[in-house]
Participant: 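My structure is below; once you've seen it, I'll send some questions.
Everything numeric here is computed off the predicted structure, so don't read it as measured data.
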Amino acid sequence: MSSPNVSFEIQVMADKHWVVAQFADDEEKAKAFADNLLQKGNHTAVRVVRDFRRLDGLHTETVIQEKTTTLRAPVVDVSLSAISEAPVCTQLADFFNPPARLTMGKLVRKYLDEVVVTPTELLHCAAEMKRFADKGSLLFSAIDRVSTLQALTTGEDAKVRRDLLSQSWDQLVARGRKFAARKVAVPKSLSNVLAEVEKGGEEHPYLCLATMSLRLLETRSWLGKLDILITWTTETTALPIIAMIDGIIADIVVSAQLIQDLLGFQANLGAALISLCNLAEGKAEPAKFSSEIFPALNALMAKGQMRQARDVLLGRVVRELGGGNPLSRNEPKQEFEVFCKVLHRVIGHKGVLGGGAMAEAILHRITRIHAHLGTVTASQAIDLTLSALSDHALGVQYLIALASSPLGQGMGAGLTELLSTKVRTADHINKWVPPRLPPPERMTALACVNRTLLTTEELEAESRASLGRHVDEVLARYLQDEEVIEKIDKPDDPLAMRAIRLIKFCGSGVLIEGKSLDLARSRVIEHLRQPQFEEKFLASVPEPGKAEQHLREFHRLLLQTGFR
């Protein structure tokens, strides 16, 4: 029977350092998992470390198993790139979905960059499919690689998966030939595309993408394709069409060469990752030598409709941040400083950009940075990460995100207990966020932590509610101690101004649904209940002729913020 005070870390040797690969609560399972990792031939050494939490809260670690082997040289087709997983496709439509296209974009990256064709174009053009199939053994090698990975997931025989993928490829080719037989003219604009597919019926999505591909295939430049797609987004507001364009842009931004051309000069990898985060959120500024199309793409990302492209960009940040490439190659002494800049870009008061995957990547990176200390355990890596963050609210957001990752879930109750302790021991707003920050930002930080806590599935419902109430109490105490509501509702100001300011404060998002919001609501209700409120409101508006307009605006805000 496992003990809540005992856990096991499965560690692998990577770059001459021990790195945590998984957690387990059972010794036999941990040893079996370690043996399995070693048998796969991807690691030269694995070990199992027993972690015992003593009554004083300190941890004692003991290596209970360590094995080494000679790393087998993998038999790799030089035309294929390494992938570690592949989504399982059960029907033809699955091959057009984002996970399948992303896998294809990674696996045959060298080929796609050579011919400058996206997975979407490849899957919708019979001529390009034939060209790909004629490229030596590339097609068969790709099918073999994907089927092997899929078989590991499904438990099927790899041959069954190979046969299914081969049959699916034949069906894709047949579908492409059927479209080619229509001899559709190359569209000059998006309106030409839409006019062509009006008669498509159930085949509308396929015909739309196939017709788009005709135009895109005429341009053998990633930036040129992006230019066309961005122009098309200005010609429509139809969400299904925007989603199709988003998918093709996501295919394009998988290319590392395109990213380099797009971003321009970057001082180091850390700066490039920050630029990618900014671009993913539409907040980027063009750098020196960046592409002319960069501002247009950034503006498009800012609209929030390019979700697939955003996920691909953040996925690259996750891979690079969790990988072994230095963030500051030319100036190694600045590695930690650059890491801290990236850290504070991806972790904000509203949460962690990229969620659990980003949180796990951060843990791997800080383990490598502090490898000079010897073996850095997961708990030590968490402490190092929290100490690198500028305030407590950021640390709690990080722990919540880490708890949702596979690595965090492997830590079990230890991580959620740490999270609960971090929340409960911070009983004053100064322990959450520094006083130097503006009051709205400080209140927003607490409100965001509250919302994240209440929605995290890694905590029990009762624990979520209790922790949320604690944060609400901290914010309510701040409102009372600093007389925030009194400063908003100044007695010397006109009633209309006071009432509108209060109601906007209630709906600003900086308060928590609970005690803190009730404090502000009660002040609004006090005003509403005074005799002849509306007459006094109208009389207090200084601008002639605008009194009724302000009153209507006040009533609109009342409804918007939940007053009845």
Participant: Indicate yes or no: at least one non-hydrogen side-chain atom of Met212 is less than 4.5 angstrom from one of Ile241.
Facilitator: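 Side-chain contact under 4.5 Å: yes.
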Participant: Before giving the answer on side chain to side chain contact (heavy atoms under 4.5 Å, CB included), spell out for Leu300 and Ile249 the whole-Å C-alpha distance, their side-chain angles and the decisive distance to 0.1 Å.
Facilitator: CA-CA 11 Å; Leu300 182 61; Ile249 292 178; 3.8 Å; yes
Participant: Can you confirm whether Ile64 sits close enough to Val49 that some side-chain heavy atom of one is under 4.5 Å from a side-chain heavy atom of the other?
Facilitator: no
Participant: Determine, stepwise, if the pair Arg329 / Glu335 fulfils salt bridge (Lys or Arg N to Asp or Glu O under 4.0 Å).
Facilitator: CA-CA 8 Å; Arg329 186 181 298 278; Glu335 182 74 12; over 6 Å; no
Participant: Between the side chain of Thr456 and the main-chain N/O of Leu453, is any donor-acceptor distance below 3.5 Å?
Facilitator: no
Participant: Are more than 12 heavy atoms, taken from residues, nucleotides or ligands other than Arg307, located less than 6.0 Å from that residue's CZ atom?
Facilitator: no
Participant: Are Arg345 and Asn278 linked by a side-chain donor-acceptor pair shorter than 3.5 Å?
Facilitator: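 There is such a pair between these side chains.
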Participant: What verdict does the side-chain hydrogen bond (donor to acceptor under 3.5 Å, both in side chains) test give for Asn192 and Glu196, after you've listed the backbone C-alpha separation in whole Å, the side-chain angles of each residue and the deciding distance to 0.1 Å?
Facilitator: CA-CA 6 Å; Asn192 293 152; Glu196 176 62 36; over 6 Å; no
Participant: Assert yes or no for the condition that the ring centre distance of Tyr111 to Phe132 is strictly below 6.0 Å.
Facilitator: yes
Participant: Taking C-beta and beyond as the side chain, do Arg310 and Met301 meet within less than 4.5 Å on heavy atoms?
Facilitator: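 Yes - at least one pair of side-chain heavy atoms lies under 4.5 Å apart.
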Participant: Decide side chain to side chain contact (heavy atoms under 4.5 Å, CB included) for Val20 and Thr367; before the verdict, give the C-alpha distance in whole Å, the side-chain angles of both, and the deciding distance to 0.1 Å.
Facilitator: CA-CA 9 Å; Val20 177; Thr367 299; over 6 Å; no
Participant: Are a donor atom and an acceptor atom from the side chains of Gln150 and Ser147 found within less than 3.5 Å of each other?
Facilitator: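 There is no such pair (donor and acceptor under 3.5 Å, judged by atom type) between the side chains of Gln150 and Ser147.
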Participant: Quick one about Thr452 and Gln397 (side-chain donor to acceptor, distance below 3.5 Å, no hydrogens or angles considered), yes or no?
Facilitator: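 Side-chain D/A pair, Gln397 to Thr452: present.
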Participant: How long is the gap from CD1 on Ile83 to CG on Leu149, to the nearest 0.5 Å?
Facilitator: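 That separation rounds to 5.0 Å.
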Participant: State the OH-OG1 distance between Tyr398 and Thr385, to the nearest 0.5 angstrom.
Facilitator: 4.5 Å
Participant: Checking Thr377 against Ser379: is there a side-chain donor and acceptor pair closer than 3.5 Å?
Facilitator: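 Yes.
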Participant: Any donor-acceptor pair under 3.5 Å linking the side chain of Arg109 with the backbone of Ser81?
Facilitator: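 No, the answer is negative, given that no donor and acceptor are paired below the 3.5 Å cut-off.
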Participant: Taking C-beta and beyond as the side chain, do Asp261 and Ser291 meet within less than 4.5 Å on heavy atoms?
Facilitator: no
Participant: I'd like to check Leu263 versus Leu276 (side-chain heavy atoms, cut-off strictly below 4.5 Å). Are they in contact?
Facilitator: yes
Participant: Would Ser255 and Asp113 count as having a side-chain donor-acceptor pair, cut-off 3.5 Å?
Facilitator: yes
Participant: Could you tell me whether a side-chain N or O of Thr234 sits under 3.5 Å from a main-chain N or O of Thr231, the two making a donor and an acceptor?
Facilitator: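 Yes, the answer is positive, given that a donor and an acceptor are paired below the 3.5 Å cut-off.
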Participant: Check Glu360 with Arg365, please: is the shortest side-chain N to carboxylate O separation under 4.0 Å?
Facilitator: no
Participant: Roughly how far, to the nearest 0.5 Å, is the CD1 atom of Ile230 from the CD1 atom of Ile245?
Facilitator: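 Output value for this atom pair is 10.0 Å.
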Participant: For a side-chain hydrogen bond (donor to acceptor under 3.5 Å, both in side chains) check, start with the C-alpha distance between Thr375 and Arg47, then their side-chain angles and the critical distance, and finish with the verdict.
Facilitator: CA-CA 12 Å; Thr375 300; Arg47 71 181 187 183; 3.1 Å; yes
Participant: Would you say the rings of Phe179 and His124 are close, in the sense that their centroids are separated by under 6.0 Å?
Facilitator: no
Participant: So for atom NZ, which belongs to Lys31, do other residues, nucleotides or ligands contribute more than 12 heavy atoms lying within a distance under 6.0 Å?
Facilitator: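 Enclosed.
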Participant: So do the side chains of Thr44 and Thr69 get within less than 4.5 Å of each other, counting heavy atoms only?
Facilitator: no
Participant: Give a yes or no on whether the backbone of Gln257 and the side-chain of Gln260 come within a donor-acceptor separation of less than 3.5 Å.
Facilitator: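 Looks like no, no N/O pair under 3.5 Å.
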Participant: With rounding to the nearest 0.5 angstrom, report the OG to NZ distance, Ser213 to Lys225.
Facilitator: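 That separation rounds to 8.5 Å.
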Participant: Any donor-acceptor pair under 3.5 Å linking the side chain of Asp246 with the backbone of Ala309?
Facilitator: yes
Participant: Mind checking whether Ser328 and Leu269 have side chains closer than 4.5 Å, heavy atoms only?
Facilitator: no
Participant: I'd like to check Leu279 versus Leu262 (side-chain heavy atoms, cut-off strictly below 4.5 Å). Are they in contact?
Facilitator: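 The answer is yes, as the side chains (C-beta and beyond) meet within the 4.5 Å cut-off.
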Participant: Begin from the C-alpha positions of Asp163 and Lys159 and carry the test salt bridge (Lys or Arg N to Asp or Glu O under 4.0 Å) through to its verdict.
Facilitator: CA-CA 6 Å; Asp163 292 343; Lys159 184 179 183 305; 3.1 Å; yes
Participant: Determine yes or no for a side-chain-to-main-chain donor-acceptor pair under 3.5 angstrom, with Asp51 supplying the side chain and Ser7 the backbone.
Facilitator: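 Flag not set: sc Asp51 to bb Ser7 has no pair under 3.5 Å.
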Participant: Under 3.5 Å, side chain of His344 to main-chain N/O of Cys340, donor-acceptor pair present?
Facilitator: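 Yes; at least one donor-acceptor contact below 3.5 Å.
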Participant: Please report the C-alpha distance between Thr219 and Ser221 in whole Å, then the side-chain angles of each, then the deciding distance to 0.1 Å, and finally whether the side-chain hydrogen bond (donor to acceptor under 3.5 Å, both in side chains) criterion is met.
Facilitator: CA-CA 6 Å; Thr219 303; Ser221 157; over 6 Å; no
Participant: Evaluate whether atom CD of Glu235 has more than 12 neighbouring non-hydrogen atoms of other residues, nucleotides or ligands under 6.0 angstrom away.
Facilitator: yes
Participant: Please indicate whether Arg177 has more than 12 foreign heavy atoms, meaning atoms of other residues, nucleotides or ligands, lying under 6.0 Å from its CZ.
Facilitator: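 Atom CZ in Arg177 is not packed in, count stays at 12 or less.
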Participant: Set out, in order, the CA-CA distance, both residues' side-chain angles and the distance that settles side chain to side chain contact (heavy atoms under 4.5 Å, CB included) for Phe96 and Leu123, then state yes or no.
Facilitator: CA-CA 8 Å; Phe96 300 96; Leu123 292 171; 3.9 Å; yes
Participant: Does a donor on one side chain and an acceptor on the other come within less than 3.5 Å for Thr154 and Glu156?
Facilitator: yes
Participant: Return yes if some donor-acceptor pair links the side-chain N/O of Asn97 with the main-chain N/O of Ala100 below 3.5 Å, else return no.
Facilitator: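 Between the backbone of Ala100 and the side chain of Asn97 there is no qualifying donor-acceptor contact (under 3.5 Å).
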Participant: Please tell me whether Asp94 and Thr90 have a donor and an acceptor in their side chains that are separated by less than 3.5 angstrom.
Facilitator: yes
Participant: For the side chain of Thr148 and the backbone of Asp144, is there at least one donor-acceptor N/O pair under 3.5 Å apart?
Facilitator: yes
Participant: Indicate yes or no for a side-chain donor-acceptor contact from Arg220 to the backbone of Val115 under 3.5 Å, with no hydrogens or angles considered.
Facilitator: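 Looks like yes, one N/O pair under 3.5 Å.
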Participant: Please indicate whether Glu85 has more than 12 foreign heavy atoms, meaning atoms of other residues, nucleotides or ligands, lying under 6.0 Å from its CD.
Facilitator: no
Participant: Using 0.5 Å steps for rounding, measure from the CZ atom of Arg101 to the OG1 atom of Thr120.
Facilitator: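 So the gap between those two atoms works out to 4.5 Å.
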Participant: Rounded to the nearest 0.5 Å, how far apart are CE of Met306 and CG of Leu229?
Facilitator: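 These two atoms lie 9.0 Å from each other.
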